[in-house]
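All values derive from a computational prediction rather than experimental measurement.
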Amino acid sequence: MSFTSIPILDLAEAQEPATKPEFLKQLRHALMEVGFLYIKNVGIPESLFADVIEQAKAFFDLPEEEKLKIEMKNAPSFLGYSRLAAEITAGAADHREQLDLSTEHPLPSPSAPLHHNLRAPNQWPSAGALPRFRPVLSDYLTRMGAVSRVFTSLVAEAIHLPATAFDAYFDEDQQHKLNPHKDSMLTSYLLQATAHRGLQVQNLGGAWVDCPPVAGTLVVAIGQGLEALTRGACVSTTHRVLSPGAGEGARLSVPFFQGVKADAAFADLEVGGGGEVRRERRAVGDDVEFTFRAGGAARTLGEATLRNRVKSHPDVGERWYPDILREIRAEQAAKAEQKPQADEVVRGDGITHGSSLPAAKVEAH
């Protein structure tokens, strides 16, 4: 029977020998049958969650001219502020504004591959306008990076793999990203910052199941990367966000995306699972987006990620990657000639197709 609710798991139970087996059993069910779950007791102070929400709201309350000082198209990294309707999902503009932030990295050398441009310094709002924003969000990125590594090791154990099975796909200076989506990488962790109901997950019967805010939790979405790496043992589930009604105010969310090593080649992307998992696994078919498909113009995850970002943010592509944007538009035109485009449901946080870098996104709808 298809799921009718989103399970809530307590990470504290994974730390105790007496409760860990039952925790892994519940996690296995969530991974294979739902693709979504809540986690609580993640080890981050409630005061930091409150600070992140406060600072995110303060950013979107800034005057437009202040936010545009760090507009995404200022840099080739796809980090920075996007005004309403600047991002494209499934060929349509997303009605939201957002700020993309990432683990800090120095600028790449001029001779580095183009996709290394995605690992770069953030564009931060000025300290004069928001003095606490940078320290608070930086702290959150660091702590969430640690949470995501712990959780990924538990995912491996739940599907009968060594706890270190996914470590080969992480860099030592892993880049994480705050930013929202059927998410494209391994796992994403959503802090629902306002009380709006609207996030929904689609079950196997096609019904939409509510995933409302639950105090003290993060929502975990299994990404297509994990689905592909585990040969379908972990399922990445379609989800959407319903816009707030008139007079309900803006919905605010802070998604954290765990990514993988950008230089990993497609040929390296297979972890699989133990015997029982292999018998139960779901086939990974066309529902996995092109980030995790071998062949085509991209040879590595970083190259595929860059193409995804150009596709989602053509204004940045026009300024920094015109050749890639022309290729993508030619591919889209050829596809449109072959068959009518089917309507697509937004994946992940219901906002866009996700980033393939580990990171965080702050969004308002």
Inset, instruction - Just say parallel, tilted or perpendicular for the rings of F78 and H313, cut-offs at 30° and 60°. - result: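 F78 vs H313 ring planes: tilted.
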Give, for atom [atom1] of [X] and atom [atom2] of [Y], the distance between the pair rounded to the nearest 0.5 Å.
X	Y	atom1	atom2	answer
F166	S148	CZ	OG	12.5 Å
M72	S312	CE	OG	9.5 Å
I222	C234	CD1	SG	6.0 Å
K67	I70	NZ	CD1	10.0 Å
S188	M144	OG	CE	9.5 Å
Q202	T238	CD	OG1	5.5 Å

Inset, instruction - Using the test side-chain hydrogen bond (donor to acceptor under 3.5 Å, both in side chains), find all partners of S109 that sit at least two apart in sequence or belong to another chain. - result: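 In terms of side-chain hydrogen bond (donor to acceptor under 3.5 Å, both in side chains), with neighbours along the sequence ignored, S109 is linked to S111.
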Quick check against the 3.5 Å criterion: does [X] have a side-chain atom that pairs as donor or acceptor with the backbone of [Y]?
X	Y	result
K40	I8	no
H196	E248	yes
T237	F36	no
S153	A163	no
T217	V214	yes
T300	A265	no
N203	S2	no

Got [X] and [Y] here, is their nearest side-chain heavy-atom distance under 4.5 Å?
X	Y	answer
L186	V155	no
P255	Y189	no
R119	L107	no
L31	V235	no
N117	P108	yes
Y140	L101	no
Y38	L9	no
E64	R83	yes

Inset, instruction - Check the pair E327, R307 against side-chain contact (heavy atoms from CB on, under 4.5 Å), reporting the backbone distance first and the verdict last. - result: CA-CA 9 Å; E327 291 175 6; R307 294 178 68 84; 2.9 Å; yes
Please say yes or no: joined through hydrophobic side-chain contacts below 4.5 Å, possibly via intermediate residues, are [X] and [Y] part of one cluster?
X	Y	result
L154	L218	yes
L114	L118	yes
L226	V150	yes

For the student: nearest non-hydrogen atoms of [X] and [Y], plus distance:
X	Y	answer
R329	P314	NH2-CB, 3.9 Å
Y169	A165	CE1-O, 4.3 Å
K261	F170	CE-O, 3.8 Å
S253	L190	CB-CD1, 3.5 Å
I159	R28	CA-NH1, 4.0 Å

Legend entry - Pairwise salt bridge (Lys or Arg N to Asp or Glu O under 4.0 Å) hits with a residue in residues 202-215, at least two apart: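 Checked against salt bridge (Lys or Arg N to Asp or Glu O under 4.0 Å) - neighbours excluded - the pairs reaching residues 202-215 are R197-D210.
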Inset, instruction - Applying ring pair (Phe, Tyr, Trp, His ring centres under 6.0 Å), name anything that partners Y81, two or more places apart in sequence or on another chain. - result: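 Listed in chain order: F59.
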Could you tabulate the donor-acceptor pairs under 3.5 Å formed by side-chain atoms of residues 43-58, not counting sequence neighbours?
residue : atom : partner : partner atom : Å
D51     : OD2  : R132    : NH2          : 3.2
E54     : OE1  : R132    : NH1          : 3.3
Q55     : OE1  : F133    : N            : 3.3

Inset, instruction - Kindly determine whether L325 and Y321 satisfy side-chain contact (heavy atoms from CB on, under 4.5 Å), including the steps that lead there. - result: CA-CA 6 Å; L325 183 60; Y321 306 101; 5.8 Å; no
With a cut-off of 3.5 Å and sequence neighbours excluded, list every side-chain donor-acceptor pair involving residues 19-27.
residue : atom : partner : partner atom : Å
T19     : OG1  : E13     : O            : 2.7
T19     : OG1  : E16     : O            : 3.4
K20     : NZ   : E157    : OE1          : 3.2
K20     : NZ   : E157    : OE2          : 3.2
E22     : OE2  : Q26     : NE2          : 3.2

Inset, instruction - In plain terms, say whether R309 and E303 are close enough for a salt bridge, that is, a side-chain N and a carboxylate O under 4.0 Å apart. - result: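 So R309 does not pair with E303 through a salt bridge.
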Legend entry - Carboxylate-amine/guanidinium proximity below 4.0 Å for K73 and E318: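 Looking at K73 and E318, the cut-off is not met.
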Inset, instruction - Take L301 and H115 through the test side-chain contact (heavy atoms from CB on, under 4.5 Å) and record every step on the way to the result. - result: CA-CA 9 Å; L301 286 178; H115 67 267; over 6 Å; no
Ignoring hydrogens and angles, write down the donor-acceptor pairs under 3.5 Å from the side chains of residues 120-130, residues two or more places apart or on other chains.
residue : atom : partner : partner atom : Å
N122    : OD1  : S102    : N            : 2.7
N122    : ND2  : S102    : O            : 2.6
N122    : ND2  : E104    : OE2          : 2.9
Q123    : OE1  : N74     : ND2          : 3.3
Q123    : NE2  : E71     : O            : 3.0
Q123    : NE2  : L79     : O            : 2.9
W124    : NE1  : E104    : OE2          : 2.6
S126    : OG   : E66     : OE2          : 3.1
S126    : OG   : A129    : N            : 3.2

Inset, instruction - Carefully, step by step, assess V241 and Q200 under the rule side-chain contact (heavy atoms from CB on, under 4.5 Å). - result: CA-CA 6 Å; V241 170; Q200 296 182 324; over 6 Å; no
